[in-house]
2 protein chains.
Amino acid sequence: MKITRKGEYAMRALVDLAQNYRKGLRQIQDIVREEEIPGKFLEQILIILKNAGLLQSKRGIGGGYSLNRPPDKISIGEVIRLIDGPLAPLGCVSSGHASCSKEITCGIRSVMVDVENATAEILDRVTLADICNRTKGMAERRAEYQMYYI
Amino acid sequence: MKITRKGEYAMRALVDLAQNYRKGLRQIQDIVREEEIPGKFLEQILIILKNAGLLQSKRGIGGGYSLNRPPDKISIGEVIRLIDGPLAPLGCVSSGHASCSKEITCGIRSVMVDVENATAEILDRVTLADICNRTKGMAERRAEYQMYYI
DNA sequence: GAAATTTCCGATTTGACTTATAGGAATACT
DNA sequence: AGTATTCCTATAAGTCAAATCGGAAATTTC
């Protein structure tokens, strides 16, 4: 599995929206300014997220985006699968893929299934809310360090 | 982390060589025939593996390749890192990468570090010998199933 | 209802990288 | 000498991610 820039942008945007949950609608340009993501590219991404039911949107003046579920109900795994596809590092692992000539007896494949499961175990458990907390915790610890340094 | 075709070919070739460990040298064409890998492409891959010390080679008539270490001393992780690069699913996770603007406080990054560690945990532990055993075990179980089916 | 703002949509371009091929040089055996 | 094999470099071809462009549809404001 590879997380593309698209997937990274999606996560960053969602974390941004999670940090602003219940503060009304947030416009693309707000996110662009904060996260330094190409606007037109982000546009496409947000539409995907919206069509998948993760976001809610409104057009026109005063419009924008907001999370359609609480931040603790959206996992990173869900996002990455939506944007970048299956978590498996090898194509033949994903179901419905029949290219592997010796699929049934392929030992390599079975290892990659293990990797996929281990990855899913993590990414399906971590939510946007967790990311916010981690980020916050890190910022605080960093502030402490700065204190000592002075 | 994404495993490219190149990486997959490398693993397949190495497993092939592991299955023929201590049976003398094996030529590119032997592997090509068995594994259905483009010959000239495989050539480049084997050279990389050789230069990294995984393989031993000999030119001319009767030449070929063989593992330079026992199959249980070569891990899949070592191979993938060599061919396809770092195991992290996100660029900013790999050491020496300074592009992430908010690197220190980036919660996403810390999750990806977890994924990288979990992946490495598996891939660095599984060796070519393990793959051979898994493949063998699967083939046997498959044979049993065939028996019942008749 | 006209104008302004914002999301929505599709096509297209650009660039980088993976995949593969081509041609020959170096080496080793018979 | 001749043949078989690995080794090396260049380059073509194909694929896909990343980004841009231009405009359509919806919503609010005046």
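Keep in mind that this is a model prediction, so the values were computed, not measured.
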Under 4.0 Å between a side-chain N or O of B:Y9 and OP1 or OP2 of C:dT19?
-> no
Whole-Å distance separating the [atom1] atom of [X] from the [atom2] atom of [N]:
X     : N      : atom1 : atom2 : answer
B:L42 : C:dA20 : CG    : C1'   : 12 Å
A:I45 : C:dC9  : CD1   : C1'   : 15 Å
B:R5  : C:dC17 : CZ    : C1'   : 15 Å
B:E43 : C:dG23 : CD    : C1'   : 11 Å
B:F41 : D:dA12 : CZ    : P     : 18 Å
A:K2  : D:dA17 : NZ    : C1'   : 7 Å

Could you give the distance from CD (A:E116) to CE (A:M112), rounded to the nearest 0.5 Å?
->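 Taking CD in A:E116 and CE in A:M112, the distance rounds to 11.5 Å.
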Pairwise 5' ranking along DNA chain D for A:K6 and B:Q29, keeping only the more 5' one |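 Mapping each residue to its closest nucleotide by heavy atoms, the 5'-most match is B:Q29.
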Which part of the nucleic acid does A:Q44 contact within heavy-atom distance under 4.0 Å: base, sugar-phosphate only, or nothing?
-> base
When all nucleic acid strands are considered with a 4.0 Å heavy-atom cut-off, which category describes B:L46: base, sugar-phosphate, or nothing?
->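 No contact at all - B:L46 keeps every heavy atom at 4.0 Å or more from the nucleic acid.
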Side chain of A:I28 - closest among C:dC8, C:dA20, C:dT7 |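 Among the listed nucleotides, the one closest to the side chain of A:I28 is C:dT7.
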Closest to the A:P38 side chain, choosing from C:dT7, C:dC9, D:dA19 = D:dA19
In a table with atom names and distances, give each donor-acceptor pair under 3.5 Å that connects a side chain of residues 69-78 of chain A to protein atoms at least two apart or in another chain.
{"unit_1": "A:R69", "atom_1": "NH1", "unit_2": "A:K73", "atom_2": "O", "d": "2.8"}
{"unit_1": "A:R69", "atom_1": "NH1", "unit_2": "A:E78", "atom_2": "OE1", "d": "3.2"}
{"unit_1": "A:R69", "atom_1": "NH2", "unit_2": "A:E78", "atom_2": "OE2", "d": "2.8"}
{"unit_1": "A:S75", "atom_1": "OG", "unit_2": "A:E78", "atom_2": "N", "d": "3.1"}

Going by the side chain to side chain donor-acceptor pair (under 3.5 Å) test, which pairs reach into residues 120-130 of chain A, not counting sequence neighbours?
-> A:R81-A:D124, A:T127-A:D130
First encountered from the 5' end of DNA chain C, between B:G7 and A:K40 |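 Closest to the 5' end, via its nearest nucleotide, is A:K40.
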What nitrogen or oxygen pairs link the protein and nucleotides 27-30 of chain D at under 3.5 Å?
{"unit_1": "D:dT28", "atom_1": "OP1", "unit_2": "A:K58", "atom_2": "NZ", "d": "3.2"}

For the residue pair A:E8 and A:I3, what are the closest heavy atoms and their distance?
->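 In terms of heavy atoms, the two residues are closest at N-CG2, 3.9 Å.
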Qualifying residue for salt bridge (charged side-chain N to carboxylate O under 4.0 Å, His left out) with A:D16, from A:R33, A:R26, A:K23 |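 Of the listed residues A:R33, A:R26, A:K23, the salt bridge (charged side-chain N to carboxylate O under 4.0 Å, His left out) partner of A:D16 is A:R26.
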Linked, directly or transitively: B:V32 and B:L25 (ILVMFWY side chains, under 4.5 Å) |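 No, separate clusters.
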